[in-house]
Amino acid sequence: MWLLVICLVAFPLLYEWSITFKYFCKMAFYNGWILTLAILAIPICAVRGRNVENMKVLRFMLLHIKYLYGIKIEVRGWENFNIKEPYVVVSNHQSSLDLLGMMEILPGRCVPIAKRELMYAGTAGLACWLAGVIFINRKKTDDAISVMSEAAETMLKEDVRVWVFPEGTRNHSGSLLPFKRGAFHLAVQAQVPVIPVVMSSYKDFYSKKDRKFATGKCTVRILPGVPTLGLSPDDVPDLTDRVRGLMLDAFSQMSTERPGKEPGGIH
Ligand SMILES: CCCCC/C=C\C/C=C\CCCCCCCC(=O)SCCNC(=O)CCNC(=O)[C@H](O)C(C)(C)COP(=O)(O)OP(=O)(O)OC[C@H]1O[C@@H](n2cnc3c(N)ncnc32)[C@H](O)[C@@H]1OP(=O)(O)O
Ligand SMILES: CCCCCCCC/C=C\CCCCCCCC(=O)OC[C@@H](O)COP(=O)(O)O
């Protein structure tokens, strides 16, 4: 009788513990593996110096990680990236796992905007710097704005695309945070389109709060570009709201789809 009681208590506890343990091991390996890959990437990238073309090297080296974690990534809307000119990509930001979806679709000559702290993340920071990642100091708004204004010039002069997470921080709430306006000022200053990208919720396979990290599927949707030609800084609030609305609709629609089930009409 006592043995049965002990088993009934111990097994669920052990099960819970093994899920948590697996979560920490998987996250530790994720970060450790990226730091290790960066050691290989640094000398290759250093040959060119700080150059956006190095982002191809990082992308190539990171693409296999989804297989290690059993994460299937389905991409819809590739055709919306068929624009030769520069553009600003805006996407939702749930976790550091977004790196996998980002690398899956990262267009040529496209650099992300990242918080300055990432520059000090050891080998990964150096690899990012060599690949031209634009670092901003979120604690100093004026500095961040001037870095982004420089980015607007660079986009046009050097034919570069920029990827921004307009929520400004990771958000796993199951919705989208209010958007910061920097990405939209950037697009208006450069008079280039904004291309929204939505990654479906990870809740079926990943949750930081519940310490869950299983295998699963993520859908990445590239939405049609939103033009900014002729818009002025006064139009930025409206542009921001419009793009957030489009992304929220897509995110909500993707959240109601059952994993693995294809909706009609979207390719
Ligand atoms: C093989 C081994 C590989 C190893 C390498 C590993 C990794 C792989 C490589 C690359 C991957 C890198 C992945 C990087 C992911 C990183 C993700 C992040 O770091 S997210 C966090 C950082 N990003 C952001 O914050 C971007 C969004 N933020 C903004 O746009 C903000 O607006 C801001 C510019 C930072 C300012 O923010 P703040 O909160 O301080 O203020 P507000 O947003 O309220 O803005 C104040 C005010 O200013 C106006 N504004 C904003 N921007 C501009 C501008 N450019 N020009 C003019 N005015 C601007 C804004 O409108 C507000 O005014 P108002 O209220 O009147 O509208
Ligand atoms: C010697 C120093 C060693 C430092 C070790 C640091 C470990 C980091 C290891 C690998 C880096 C993985 C790169 C993942 C890139 C994703 C970046 C990311 O997701 O940043 C979060 C940022 O968007 C928002 O930050 P907050 O949610 O506001 O917080």
Cluster overlap Tyr23 with Ile65, hydrophobic side-chain contacts below 4.5 Å: yes
Are side-chain heavy atoms of Val89 and Arg161 found at a separation under 4.5 Å? no
Looking at OG of Ser175 and NE2 of His172, how far apart are the two atoms once the value is rounded to the nearest 0.5 Å? 12.5 Å
Is there a side-chain contact between Tyr87 and Asn80 in this structure, where contact means two heavy atoms from C-beta onward sitting under 4.5 Å apart? no
If I take atom CG from residue Leu106 and atom CG from residue Leu99, how far apart are they, to the nearest 0.5 angstrom? 9.5 Å
For Ile136, is there any backbone N or O sitting under 3.5 Å from a side-chain donor or acceptor partner on Asp143? no
Any side-chain to backbone donor/acceptor pair from Ser207 onto Lys203? Under 3.5 Å, distance only. no
Taking all heavy atoms of Ile222 and all of Gly77, pick out the closest pair and write down the distance. CB-O, 3.4 Å
Polar side-chain atom of Arg138 near backbone of Ala114 as donor-acceptor pair, under 3.5 Å: no
Checking side chain to side chain contact (heavy atoms under 4.5 Å, CB included) for the pair Leu68/Phe29: CA distance, chi angles, key distance, verdict? CA-CA 10 Å; Leu68 300 181; Phe29 181 78; 4.0 Å; yes
Looking at side-chain heavy atoms only, is the closest gap between Thr228 and Val88 below 4.5 Å? no
Going by heavy atoms in the side chains, are Tyr30 and Leu100 under 4.5 Å from each other? yes
Tyr69 side-chain N/O to Lys26 backbone N/O, donor-acceptor pair under 3.5 Å: yes
Could you grab the distance from atom CZ of Arg50 to atom SG of Cys128, nearest 0.5 Å is fine? 10.0 Å
Would a distance-only check, ignoring hydrogens and angles, find a side-chain to backbone donor-acceptor pair under 3.5 Å from Asp98 to Met102? no
Is there side-chain contact between Val188 and Asp235, with at least one heavy-atom pair below 4.5 Å? no
Nearest 0.5 Å please: distance from the NZ atom of Lys56 over to the SG atom of Cys45. 12.0 Å
Can you tell me if Lys212 has over 12 outside heavy atoms packed within less than 6.0 Å of its NZ? yes
Which atom names give the shortest non-hydrogen contact between Met148 and Leu186, and what distance separates them? O-CD1, 3.2 Å
Are Cys110 and Met55 packed together at the side-chain level, in the sense that at least one heavy-atom pair is separated by less than 4.5 angstrom? no
For Trp163 versus Ile105, what's the shortest heavy-atom pair and its separation? CH2-CD1, 3.7 Å
Linking I/L/V/M/F/W/Y whenever their side-chain heavy atoms sit closer than 4.5 Å, directly or via other members, would Ile39 and Leu130 fall into one cluster? no
Could you pull out all donor-acceptor pairs under 3.5 Å where a side-chain atom in residues 150-158 meets a protein atom, sequence neighbours excluded?
residue: Thr154; atom: OG1; partner: Glu150; partner atom: O; Å: 2.9

Determine, stepwise, if the pair Leu58 / Asn54 fulfils side chain to side chain contact (heavy atoms under 4.5 Å, CB included). CA-CA 7 Å; Leu58 304 197; Asn54 284 331; 5.7 Å; no
Working for salt bridge (Lys or Arg N to Asp or Glu O under 4.0 Å), residues Arg109 and Glu53: CA-CA 6 Å; Arg109 296 189 67 76; Glu53 290 296 332; 2.9 Å; yes
Here the pair of heavy atoms bringing Phe135 nearest to Lys115 is CD2-O, 3.6 Å
For the residue pair Phe205 and Tyr202, does the interplanar ring angle fall in the parallel (under 30°), tilted (30 to 60°) or perpendicular (over 60°) class? tilted
Let me check something: do Met103 and Ile42 share a hydrophobic cluster, defined by ILVMFWY side-chain heavy atoms less than 4.5 Å apart, either directly or through other members? yes
Can any side-chain N or O of Arg244 pair as donor or acceptor with the backbone N or O of Leu177 at less than 3.5 Å? yes
Please check: side-chain N/O of Ser200 versus main-chain N/O of Cys218, any donor-acceptor pairing under 3.5 Å? no
Rounded to the nearest 0.5 Å, what's the gap from OH on Tyr120 to CZ on Arg116? Could you check? 4.5 Å
Contact between Phe184 and Leu231 at the side-chain level, heavy atoms closer than 4.5 Å - yes or no? no
For residues Leu35 and Leu62: do they belong to one hydrophobic cluster (side chain heavy atoms under 4.5 Å, members Ile, Leu, Val, Met, Phe, Trp, Tyr)? no
Side-chain ion pair, Glu257 and Arg221, N-O less than 4.0 Å: no
How far apart are the closest heavy atoms of Thr219 and Met254, and which atoms are they? O-CE, 3.2 Å
Is a side-chain N or O of Ser201 found less than 3.5 angstrom from the main chain of Gly174, in a donor-acceptor match? no
Counting distance only, does the side-chain N/O of Arg59 pair as donor-acceptor with the main-chain N or O of Glu104 below 3.5 Å? yes
If you look at every heavy atom in Leu223 and Ile195, which pair is closest and at what distance? O-CG2, 3.5 Å
Give a yes or no on whether Leu40 and Tyr67 share a hydrophobic cluster (residues Ile, Leu, Val, Met, Phe, Trp, Tyr; joining criterion: side-chain heavy atoms under 4.5 Å apart). no
Intermediate values then yes/no, side chain to side chain contact (heavy atoms under 4.5 Å, CB included), Ile145 and Ser149: CA-CA 6 Å; Ile145 290 177; Ser149 299; 4.3 Å; yes
Are the side chain of Arg181 and the backbone of Thr240 linked by a donor-acceptor contact shorter than 3.5 Å? no
Working to the nearest 0.5 Å, report the span between OG of Ser95 and CE of Met27. 5.5 Å
What verdict does the side chain to side chain contact (heavy atoms under 4.5 Å, CB included) test give for Asn171 and Phe165, after you've listed the backbone C-alpha separation in whole Å, the side-chain angles of each residue and the deciding distance to 0.1 Å? CA-CA 11 Å; Asn171 163 44; Phe165 293 96; over 6 Å; no
For the residue pair Ile19 and Arg211, establish whether any side-chain heavy-atom pair is separated by less than 4.5 Å. no
